2 protein chains.
Amino acid sequence: MSTVEKAISLLNFFTEDEPEWGLSDLARQARFDKATTRRLLVALANSGLVEQHAATRRYQLGASVLRLARVRETHFPLLQVAVPVLREVAAATDETVHLSEFGARGLVTLHVEESSKANRVSVATGQILPLHATASGIAFLAFSPAPLVKSYLRKTPAAFTRHTLVQPARLDDAITAAAARGYSQGEQGFEDGVVSVAAPILGLDGYALGSIAIAMPLSRRTKATTDHHVQAVRGASEKISARLFGEQPSPRQPRVA
Amino acid sequence: MSTVEKAISLLNFFTEDEPEWGLSDLARQARFDKATTRRLLVALANSGLVEQHAATRRYQLGASVLRLARVRETHFPLLQVAVPVLREVAAATDETVHLSEFGARGLVTLHVEESSKANRVSVATGQILPLHATASGIAFLAFSPAPLVKSYLRKTPAAFTRHTLVQPARLDDAITAAAARGYSQGEQGFEDGVVSVAAPILGLDGYALGSIAIAMPLSRRTKATTDHHVQAVRGASEKISARLFGEQPSPRQPRVA
DNA sequence: AACTATCGGATCGAATAATGATCCATGGAT
DNA sequence: ATCCATGGATCATTATTCGATCCGATAGTT
């Protein structure tokens with residue numbers, strides 16, 4: 001890990017639950033030397049990414065992250081556009097709805113609207129979704145460039161449950177089916193007892209840039225809810241793409257005959 | 001500048017106006033070697049702070065800045081709280097209203113609501129305001145701990161216009177007056193033809209953590225507008241502190257008799 | 001009051017990672 | 001067809017980071 005990556009990795013310890021850190025605490029948690037941690041924090045503080053509370057000497061995220069987020073959202077307003085749509089879907093289905101975007105580190109959960117039910121599926125923002133084991137991942141792969149899909153399929157997929165698709169042939173079938181139908185279904189592939197449907201969000205090039213998914217406990221699934229969710233998720237996906245680009249991109253698929 | 005600071009300084013080139021950069025361009029602008037710039041960008045990309053558009057090879061801010069901003073705002077919702085108040089003030093006065101926060105790098109403009117008038121004052125978010133030459137700065141100093149004020153006054157202040165207060169005695173007077181009245185007035189100290197009034201935003205410790213200001217062209221100033229602005233800015237400042245902390249902090253001033 | 005543990009921070013020689021001149025392949029522009 | 005700028009890769013040199021150690025302050029504990 002480069003020095004820069006170490007420094008930035010410290011930022012990821014600041015969360016909604018633990019938004020403030022003392023030096024020693026953070027050093028232990030990050031498994032860096034205390035002196036190293038301090039140097040990194042000072043560098044981050046000089047750059048405004050973190051701030052130090054003068055009285056308590058504790059560190060928290062700094063004001064400049066707000067500016068960065070604003071620039072990103074102005075340039076590429078996925079969240080602004082998608083969150084209201086997610087809310088609608090969550091309201092219409094009363095199940096957990098989540099949005100993910102594909103970046104360098106994989107398919108990252110950007111936003112979650114949770115169901116109001118007590119028995120609901122919880123997803124953490126920032127979580128990285130395994131492409132082969134989630135409905136979101138399959139939907140994404142089904143509308144991704146062939147080389148990306150191929151290179152991903154070369155890796156041996158990890159099994160998270162007894163239901164995770166690990167045989168390349170089965171995975172391939174799932175992707176082909178999703179490409180043909182325009183949506184994917186998850187069957188307890190990532191966590192037991194959780195099923196979901198997902199649709200890709202297409203970029204201007206016609207390839208998926210992320211996906212939107214509805215997840216529910218298996219116990220609640222019926223034919224009717226599934227159909228409803230498929231409709232909801234496809235409608236939402238189209239709405240988001242359309243609002244992002246002013247038009248609905250025409251899909252490009254890696255494996256269409 | 002440390003390696004980490006160099007890397008992060010690259011982030012500041014991504015703005016609303018120039019949200020995407022090519023490698024060579026950015027290297028020239030930042031005055032880093034191209035190879036160095038690339039290494040830094042790769043490190044930033046691995047951390048999710050920037051992303052590279054696969055087709056154009058250009059870089060833009062990444063998805064993880066959104067997460068960081070959300071954590072910061074959840075923990076310390078200055079913007080969430082203040083922006084609606086700024087909007088009210090902007091609506092009531094139809095002049096440019098801006099919010100700033102004091103951090104490691106100085107008094108930074110966090111948010112701006114511009115007047116709808118053609119002849120208006122424009123302020124850039126992210127701009128660093130000189131403490132001695134702006135109403136915001138004087139308001140901040142008037143409610144800052146004595147050592148901070150003293151150490152700042154030791155530096156020789158830069159003159160931005162003929163009207164900038166540069167004599168320590170005059171500056172001191174301005175700060176004392178602002179401390180006594182609870183607001184400050186700017187008289188073309190930073191830019192010719194611009195006047196403003198500002199009030200501090202107090203933290204729980206009773207010291208200022210930033211300030212809010214209304215700026216207008218000198219040509220529009222009358223006794224009546226000034227009075228109105230003073231009222232508006234003080235009311236807004238109190239409202240923001242109160243909403244942030246559930247109560248209005250009692251001010252602590254460095255130089256009260 | 002003395003002791004102890006832990007905190008944030010500072011120091012400095014050794015170890016490592018950053019640097020940048022140089023090269024390469026690609027793709028527009030003239 | 002040629003030229004130039006682009007993004008990216010290489011590697012010996014060098015500057016920076018690393019971390020064991022020390023320090024003073026604070027807060028419990030005995």
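Numbered from 1 within each chain, the chains take letters A, B, ... in sequence-line order. Just so we're clear, the structure is a prediction, and the values are computed from it rather than from any experiment.
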side-chain contact (heavy atoms from CB on, under 4.5 Å) against [X], all qualifying residues, sequence neighbours excluded:
| X | value |
| --- | --- |
| B/Val81 | B/Pro77, B/Ile240, B/Arg243, B/Leu244 |
| A/Ala177 | A/Arg181 |
| A/Val4 | A/Ser2, A/Ile8, B/Thr3, B/Ala7, B/Leu40, B/Ala43, B/Leu44 |
| B/Leu79 | A/Leu66, B/Glu73, B/Val83, B/Leu99, B/Leu110, B/His111 |

Legend entry - Whole-Å gap separating P (C/dC7) and NE2 (A/His53):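 After rounding, the reported distance stands at 19 Å.
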
Legend entry - Protein-nucleotide distance (A/Trp21, atom CH2; C/dC7, atom P), rounded to Å: 12 Å

Inset, instruction - For residues 133-144 of chain B, pull every pair meeting salt bridge (charged side-chain N to carboxylate O under 4.0 Å, His left out), keeping only residues two or more places apart or in separate chains. - result: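 Non-adjacent pairs meeting salt bridge (charged side-chain N to carboxylate O under 4.0 Å, His left out): zero.
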
Inset, instruction - Give every residue pair that meets the salt bridge (charged side-chain N to carboxylate O under 4.0 Å, His left out) criterion with at least one member in residues 5-16 of chain B, sequence neighbours excluded. - result: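 Those involving residues 5-16 of chain B are A/Arg70-B/Glu16.
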
Inset, instruction - Please work out if B/Arg28 contacts a base, only the sugar-phosphate, or nothing of the nucleic acid, heavy-atom cut-off 4.0 Å. - result: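 Sugar-phosphate: the residue B/Arg28, judged by heavy atoms under 4.0 Å, touches backbone atoms but no base.
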
Inset, instruction - For B/Gln52, answer base if it contacts any base atom (sugar-phosphate contacts may also be present), sugar-phosphate if it contacts only those atoms, and nothing otherwise; contact means non-hydrogen atoms under 4.0 Å. - result: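 Contact class for B/Gln52: sugar-phosphate only.
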
Legend entry - Heavy-atom side-chain proximity of B/Arg57 to B/Gln52 below 4.5 angstrom: yes

Inset, instruction - Look at the side chain of A/Ser241 and the backbone N and O of A/Leu202, then say whether any donor-acceptor pair between them is shorter than 3.5 Å. - result: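 Confirmed, A/Ser241 side chain pairs with A/Leu202 backbone.
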
Legend entry - Per-nucleotide protein contact string for nucleotides 15-23 of chain C (B base, S sugar-phosphate only, - none; heavy atom under 4.0 Å): --SSBBB--

Inset, instruction - Quantify the bending of the helix from C/dA1-D/dT30 to C/dT30-D/dA1 as the angle between its end axes, each fitted on five pairs, to 10°. - result: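 Roughly 40°, once rounded to the nearest ten degrees.
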
Inset, instruction - Report yes if at least one side-chain N or O of A/Ser24 is closer than 4.0 Å to OP1 or OP2 of C/dG8; otherwise report no. - result: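 True: A/Ser24 side-chain N/O within range (under 4.0 Å) of C/dG8 OP1/OP2.
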
Legend entry - Sequence-distant partners of B/Ser211, side-chain hydrogen bond (donor to acceptor under 3.5 Å, both in side chains), two or more places apart: B/Ser100

Legend entry - Those residues that, when tested against A/Arg170, pass side-chain hydrogen bond (donor to acceptor under 3.5 Å, both in side chains) (two or more places apart): none

Below 3.5 Å, can you tabulate the donor-acceptor pairs from side chains in residues 25-36 of chain A to any protein atom, sequence neighbours excluded?
unit_1: A/Asp25; atom_1: OD1; unit_2: A/Arg28; atom_2: NH2; d: 3.1
unit_1: A/Asp33; atom_1: OD1; unit_2: A/Ala35; atom_2: N; d: 2.8

Legend entry - Contact interval (first through last nucleotide) of DNA chain D with protein chain A, 4.0 Å heavy-atom: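 Listing 5' to 3', DNA chain D meets chain A from D/dT17 to D/dA20.
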
